[in-house]
> 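The structure under discussion is supplied below as structure tokens; questions concerning it will follow.
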Amino acid sequence: MESNVAAQGSLLAGLNTEQLSAVTWPNKSALVLAGAGSGKTRVLTTRIAWLLSTGQANPAGILGVTFTNKAAREMQTRLAAMVPVNVRAMWIGTFHGLCNRFLRLHHRDAGLPNTFQILDSADQMSAIKRLMKSLDVSDERFPPKAVQGFISGNKENGQRADVLSAGDPYTRKLIELYAAYDAQCRREGVVDFAELLLRSYEVLVANQALRAHYQARFSHILVDEFQDTNRLQYAWLKLLAGDMGSVFAVGDDDQSIYAFRGAEVGNMRSLLNDFAIAEPIRLEQNYRSAGNILTAANALIENNDGRLGKNLWTDAGEGEPIRLYEAYSDGEEASFIVDEVKALQRDGWNLAGMAVLYRSNAQSRVLEHALVNANLPYRIYGGLRFFERQEVKHALAYLRLVANPDDDNAVLRVINVPARGIGARTVENLLAVSREQGVSLWQAACAGGAGRSAGKVSDFVALIESLRARSENAELTLAEAVSLVVDASGLRAMYEADRKEGEERLANLDELINAAASFMPDDPQAALVEFLTAAALEAGEHQAEAGEDALQLMTVHAAKGLEFSAVFVSGLEEGLFPHENSMADRKGLEEERRLMYVAITRARQRLYLSCAQSRMLHGRSSYPLRSRFVEELPEDLLKSLSVKAAPRAERAAWAAPAASKPQRSAGSAGGYRIGQSVEHAKFGVGVVIDAEGADDDVRLQINFAEHGIKWLDLRYAKLTPA
DNA sequence: CGCATTCGACAATGG
DNA sequence: GTCGAATGCG
């Protein structure tokens with residue numbers, strides 16, 4: 001017992017009062033409002049360790065839910081280091097990973113084949129397109145993306161097609177497509193991401209015995225990033241908690257940045273109500289950022305309504321001012337960043353400790369260009385992941401057919417890859433047969449059929465059959481089976497013949513074989529199915545190879561949960577950040593503001609904010625206004641680094657019209673220059689984006705924030721510099 | 001049927 | 001600037 005007490009002591013050492021209170025919270029539900037950098041992950045893992053080491057819970061009673069695989073792994077690793085328990089007995093994982101585990105165990109109750117496969121979003125999209133083609137639905141009136149959004153959105157609200165109704169024919173059609181899509185998935189033995197959750201929820205609802213079993217088992221449910229849960233996830237947690245269980249949720253409503261994909265910040269308030277939690281525990285002491293950075297973040301987020309309320313503080317001192325740079329162009333913004341990074345590097349800063357954040361991936365190109373020219377090593381997060389690569393998906397499709405030949409998606413992906421003379425026409429015929437007879441494409445292909453390509457189709461069938469026979473009977477290891485598929489399918493030969501990108505693709509296929517070799521299945525008998533599942537659920541790292549010291553580039557979304565000594569937030573322009581797709585309503589704008597809050601709070605020591613007066617967007621020049629989020633920061637925290645930027649000072653200067661003669665060639669017309677902010681009595685604020693004429697006859701094209709683009713004649717229009 | 005080229009839409013994220 | 005669909009030619 002003494003060692004137990006000692007162990008507890010060291011577990012709890014170094015926690016502040018609030019953290020300690022959260023970690024040692026009695027066995028009842030709690031909501032921990034954990035600000036950025038307040039030790040959230042530490043609290044969560046320490047609590048589990050504390051529950052285990054004090055004997056309040058056994059490993060099997062723990063259900064730990066995270067949003068990313070990375071977070072789940074981190075929690076497991078940390079736990080393993082803290083307490084000597086069998087980590088595997090605990091259920092720790094993502095919502096999707098846990099639901100998959102549940103459905104594999106109870107596939108019969110869920111009405112799924114034991115080899116059911118998981119569709120990623122791309123697979124889901126092609127399944128939808130295929131379905132719409134077969135039903136002859138116009139993809140102009142019903143964009144597949146919208147159909148996908150409709151289906152996933154409803155699943156995440158826990159609603160099947162049969163409970164939906166609509167007054168308008170458009171929505172009725174969507175509901176019809178939803179029902180047909182689900183039927184198609186059932187026929188093929190596949191589930192999409194949302195289905196994993198909905199199906200396991202429905203099984204628990206329908207099956208009293210199963211529900212009672214898991215409710216009794218999971219005495220402690222702990223949830224990370226609770227602000228990101230959607231309605232279905234919340235219902236799932238509530239169901240598992242039952243009347244007796246408790247939910248210990250950690251989250252930060254100010255860092256909710258996934259509402260656009262269904263996250264319900266309102267779940268935090270619901271949790272307080274439904275689980276009778278009197279008051280959330282607030283973790284407000286920040287151990288990451290300097291004072292000025294926190295002050296800026298607090299001031300920014302104050303502009304949002306309906307917050308649960310929280311103010312970050314630190315005892316680390318004010319630190320440096322926040323640096324602001326307003327560039328002429330996106331290219332110049334990039335070279336500013338490069339210069340600053342080099343300067344910091346000369347001062348002994350680590351490249352890997354610096355990050356450039358942006359709102360959208362497209363912005364990385366200009367930065368990359370500048371970094372390559374400057375010979376600065378960098379690493380980009382985002383983009384194509386390993387298991388999403390064409391060649392890897394091809395190989396996986398063959399493997400899926402080995403596991404389950406009725407997977408029509410997989411058949412369509414590889415029936416003619418590499419080209420084996422089965423063209424669109426033949427595929428059309430197969431699709432027609434499968435539709436008429438209500439069988440899978442595979443079964444249609446096996447039936448043979450007439451036509452010139454019949455022989456080629458039966459060759460394909462024979463290929464898959466032989467792959468299956470050999471991987472099942474010949475006692476091949478998983479890696480050998482993958483290797484066999486790559487060779488026998490002809491994929492290897494195909495990429496060997498491709499001189500342009502074949503080499504890289506072959507390397508990735510070899511990497512896939514390596515991945516198979518080091519894969520550790522829970523059940524060796526089901527190694528292939530587990531491998532395919534892992535490929536779908538963990539599409540792989542965002543190419544984050546360790547190694548050389550490199551500058552980190554990523555979107556703000558990707559930066560959530562990370563921290564850096566120095567952070568550059570770039571592209572702070574209206575329409576970009578906040579993004580134009582989210583500017584229309586207050587909710588969207590508030591989410592953008594939370595995104596900015598996340599961006600700011602990534603910085604430990606130094607924070608740079610930058611924007612450009614002109615930017616190439618969609619292949620053409622735009623002249624955006626500076627982001628409102630910059631204006632929302634306290635002026636005395638900012639230090640302007642650009643001559644032109646001196647934002648507020650410059651305004652004063654412009655208020656007195658320039659005496660010099662306006663010259664178009666100098667980028668100035670009638671005292672205005674392109675890129676300048678102006679204000680119009682009727683149209684409000686805008687930016688000059690073009691000009692024509694000279695002297696007394698000047699016309700300006702202005703992009704107004706509220707009223708769009710207009711040409712104004714300076715002789716009549718009442719304009720003032722803004 | 002297979003490959004190459006063109007055209008046009010699009011550009012937030014992750015399981 | 002990229003990707004996927006559509007088109008056209010050998």
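Order of the sequence lines fixes the chain letters, A, B, ..., with proteins taken first and strands second; residue numbering starts at 1 for each chain.
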> Where along nucleotides 1-10 of chain C does protein come under 4.0 Å, by heavy atom, of base (B) or sugar-phosphate alone (S), with - for untouched nucleotides?
SS--S-----

> Please enumerate all residues that pass side-chain hydrogen bond (donor to acceptor under 3.5 Å, both in side chains) together with A/Ser614, with sequence neighbours excluded.
none

> What residues form a side chain to side chain contact (heavy atoms under 4.5 Å, CB included) with A/Val137, not counting sequence neighbours?
A/Met132, A/Leu135, A/Phe142, A/Lys173, A/Leu177

> Taking N or O atoms only and anything under 3.5 Å, show me the protein contacts with nucleotides 2-7 of chain B, one pair per line.
residue: B/dG2; atom: OP1; partner: A/Gly421; partner atom: N; Å: 2.5
residue: B/dG2; atom: OP2; partner: A/Asn416; partner atom: ND2; Å: 2.9

> Can you list everything that forms a side chain to side chain contact (heavy atoms under 4.5 Å, CB included) with A/Arg425? Sequence neighbours excluded, please.
none

> At a heavy-atom distance below 4.0 Å, what parts of residues 93-101 of chain A sit against DNA chain B?
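Listed by number, they are A/Thr94, A/His96.
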
> Just jot down the side-chain hydrogen bond (donor to acceptor under 3.5 Å, both in side chains) partners of A/Tyr495, sequence neighbours excluded, or say none.
A/Gln390

> Taking Watson-Crick (N1-N3 plus N6-O4 or O6-N4) and G-U wobble (N1-O2, O6-N3), each under 3.5 Å, can you produce the dot-bracket string of DNA chain B? Use [ ] for crossing pairs and | for inter-strand ones.
||||||||||.....

> Check the geometry between A/Phe260 and B/dA12 and answer yes if their rings are stacked (centres below 5.5 Å, planes below 30°), otherwise no.
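By the stated criterion, A/Phe260 and B/dA12 stack.
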
> Provide the full list of salt bridge (charged side-chain N to carboxylate O under 4.0 Å, His left out) pairs with a residue in residues 119-128 of chain A, sequence neighbours left out, each pair given once.
A/Asp120-A/Lys393, A/Asp123-A/Lys393, A/Asp123-A/Arg400

> Keeping to residues at least two apart or across chains, list the salt bridge (charged side-chain N to carboxylate O under 4.0 Å, His left out) pairs with something in residues 362-371 of chain A.
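Non-adjacent pairs meeting salt bridge (charged side-chain N to carboxylate O under 4.0 Å, His left out): zero.
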
> Side chains of A/Thr533 and A/Arg104: any donor to acceptor distance under 3.5 Å?
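Side chains of A/Arg104 and A/Thr533: pair found under 3.5 Å.
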
> Could I get the full list of side-chain hydrogen bond (donor to acceptor under 3.5 Å, both in side chains) partners for A/Asp192, not counting sequence neighbours?
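Checked A/Asp192 against side-chain hydrogen bond (donor to acceptor under 3.5 Å, both in side chains); matches are A/Gln124, A/Lys155, A/Tyr181.
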
> A/Asn508: which residues meet the side-chain hydrogen bond (donor to acceptor under 3.5 Å, both in side chains) condition with it, sequence neighbours left out?
A/Glu391

> May I ask you to say what A/Gln363 touches in the nucleic acid, namely base, sugar-phosphate or nothing, with a heavy-atom cut-off under 4.0 Å?
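Answer is nothing: A/Gln363 stays at 4.0 Å or more from every strand.
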
